[in-house]
Structure formats: C-alpha cells, structure tokens
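One structure is given here, and the rest of the page talks about it.
So that the names make sense, note that chain A is the first sequence line, chain B the second, and so on, each numbered from 1. Note that the structure is predicted; figures quoted are calculated from it, not measured.
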Amino acid sequence: MEPEINLRATLECGQVFHWQERDDGAWEGLIGNVHAVVRENAVGLEVVQGDPAAVARYFALDHDLGRIYAGFPRDATMLAALDFCRGLRIIRQPAWECLATFITSSMKQVTHIRQMSHALRARFGRGVRGSRLRSYPSPAALAAASEEDLRGCGLGYRAKNLRATAQRVASGEADLEAWRQLDDAALREALCTLPGVGRKVANCVMLFGFERCGAFPVDTWIARIMREHYWRGRAKPTPLALERRLAKRFGPHAGYAQQYLFHHARMTQRRARR
DNA sequence: ACCCAGGGGCAAG
DNA sequence: CTTGCCCATGGG
C-alpha cells in the first residue's frame, strides 16, 4: 500500500515556494538542483520525471502519518484542520534554500515569498537541465551579490540580512550540515545567531529544513488561532509565551499540527479577512 | 487612504 | 525578561 499524500496541500501550504502546477495536473519543481515532475494518483505519488528514491525522501513518504495524527489533540479546531489537510507532508527541503527563503519571509504574504524566490532564482540561480525552473542561488552567489541587486528582487530591508547570512554560510563560518548533529535547543540557538533569523524563522527552518517535527513556529496566524481556541486567560499572550506553554500540548509532532492549523485557517479564512 | 503580511533587531522600561 | 518602534514592499 502506497503512503498517502495530498500534493496540493503539501506544495501550497507555505513550507516551499517554487513548485508549479502544470496544465495536465502534474507538479514541476526542483529537488536540490535536479528536475522533478510528480503527480498524485489513486494509489499515491507517481514520479513522472526524476529519481524515485530522491522524490520519496524529499516528500518524506516514510513519515507515518497515522502515528502522527494519533498524537494530535482531539479538539474540534484540530480535527477540522486534520480533515481539511489530511495527507499534507512536511517535506525534507534543502537547509540553505529553506533558511534563505524564510529570511525573506518576514512581514510578507506567501504569494510575495513566492515572487521573491522566483526573482532570486531568475537573477542568481542556474539553469537546470530539462526544466524551465532555475536552481535556488547558492550561498556564494548571494554572498557575492550587492544589496542593491537583492533589493531589486523585491526584498526591501531583508536584502541586508540575506546577504549577511549568505556570507556566513559561504565562508564556512556557519556550517549548516554540521549543525544537523545538534539537539533542538542548540540548533535553534545556532540558527538565531544568523542575521535575519529570530525564533520564528529558526523554528520554520528546523521544521522544514532539519526534520525537527516538534519545532513550533508562531506567526500571526498561529498566534490568533492559539488565542482564540487554546488560551484561557486575560492578558494577550506574546508569541513566545504561546510557544512555550502550548507546543507540548500538540505532542512530539507539534510542527505537523501547527502546519495543519496554519494551512486550514489560511485557506478557509482568506476571503473573509477583507 | 488605510491596513496587514509565516518578524527581527535594537533601545528603553 | 518584556515592550515600542522602525525597517520596505505589495496587495486587498
């Protein structure tokens, strides 16, 4: 039996920003610097182009969704999100691509993050054989770019941070692959030393780029959901207070639960929010 | 015109 | 340890 996957939810939930749906319903993207085309069919994930093993790893088909769901709390809010997002997988995204895109994400909507990612790929990425997409620019490529050129990709004040972090990674001063051996707390601390990376972005990078499924990013959407459905108290809690007091309630895969709540809220309340 | 967006960094309380 | 303010840009 093939593992289930909801491809649209997985690729449009705000964890990765460059996949495109083709006219025939298949999805085209890059796994690292390798072209891939995938399609959702009746039994699971069909690899139209690309290396099946690499695709399976990227889409984390080995994650046991049944066991993950069993750890979710059973309140109405969580069950509604689960019903809506069932099959959404937290993918294994290359760490640098994930880190860089989330540095650009601050105070930006998902569509804007996609635009910036596309502009950066077009301007600083490399062509990929067999694909109309371009690779995400390497740390060296962004380290060598001028702040003005990065601002030209729509980054605004984020340009300085992306450039500075790219320089740290390109020089080897920040060794992302070596950081994989750190425990969660040490990894978060290391990520937060990078320019443009605070607790929220660090948690996103841990969750989407380092397979730390307990990481619990609190953005404006999650903060609102937590305040409305999971917080009994008078004073308005800070994002940090929400993370510290609520992450445990969502279990060892709190990051999964968080992503289901985020995507469900964004898809169902987008229009109602003026 | 006004508001907000997957926030971070820094100064000040 | 918390709060207030600024930082660009784009879309509703």
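The residues A:Asp219 and A:Lys200 are annotated as not salt-bridged, no charged nitrogen and carboxylate oxygen being separated by less than 4.0 angstrom. Ion pairing between A:Glu97 and A:Arg121 holds under the 4.0 Å rule for side-chain N and carboxylate O. Comment: A:Glu147 does not engage A:Arg163 in a salt bridge, judged by the lack of any side-chain N to carboxylate O separation of less than 4.0 angstrom.
Remark: the A:Gln15 side chain and the B:dG6 base include no donor-acceptor N/O pair separated by less than 3.5 Å.
What separates CG of A:Leu240 from P of B:dG9 is a distance of 15 Å, to the nearest Å. Atoms CG (A:Asp219) and P (B:dG8) sit 10 Å apart, rounded to a whole Å. Between A:Leu99 atom CG and B:dG8 atom C1' there is a gap of 14 Å when expressed in whole angstrom units. Between the CD1 atom of A:Ile225 and the C1' atom of B:dG6 there is a distance of 11 Å, rounded to whole Å. If you measure from atom CG of A:Leu242 to atom P of B:dG7, you get 14 Å, rounded to the nearest angstrom. The interatomic distance linking A:Arg244 (CZ) with C:dT2 (P) rounds to 5 Å, in whole Å. Protein atom CZ of A:Arg245 is 16 Å distant from nucleotide atom C1' of C:dT2, rounded to whole Å. Nucleotide B:dG6 holds its C1' atom 14 Å from the NE2 atom of A:His263, rounded to whole Å.
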**OP:** Map every base of DNA chain C to its dot-bracket character, where paired means a Watson-Crick or G-U wobble contact with both distances under 3.5 Å and | marks a partner outside the strand.
**Re:** |||||||.||||

Original post:
Which letters describe nucleotides 4-10 of chain C, given B = protein heavy atom under 4.0 Å from base, S = only from sugar-phosphate, - = neither?
Top reply: ---BBBB

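The side chain to side chain contact (heavy atoms under 4.5 Å, CB included) test with A:Glu211 singles out one residue from A:Arg180, A:His63, A:Met206, and that residue is A:His63.
Between C:dT3 and B:dG6, the distance separating the two C1' atoms is 22 Å to the nearest Å.
In this structure, A:Arg249 has no salt bridge (Lys or Arg N to Asp or Glu O under 4.0 Å) partners at least two apart in sequence or on a different chain.
Aromatic stacking is not marked for A:Phe102 over B:dG6, as the cut-offs of 5.5 Å for the centres and 30° for the planes do not both hold.
Residues A:Phe72 and A:Phe250 keep their aromatic ring centres 6.0 Å or farther apart. Ring centroids of A:Phe17 and A:Tyr136 are separated by 6.0 Å or more, keeping the two rings apart.
For the 3.5 Å distance criterion, the side chains of A:Asn203 and A:Gln258 fail to qualify, holding no donor opposite an acceptor.
Aromatic ring pairs are classed by plane angle as parallel below 30°, tilted from 30° to 60° and perpendicular above 60°; the pair A:Trp19 and A:Tyr58 is tilted.
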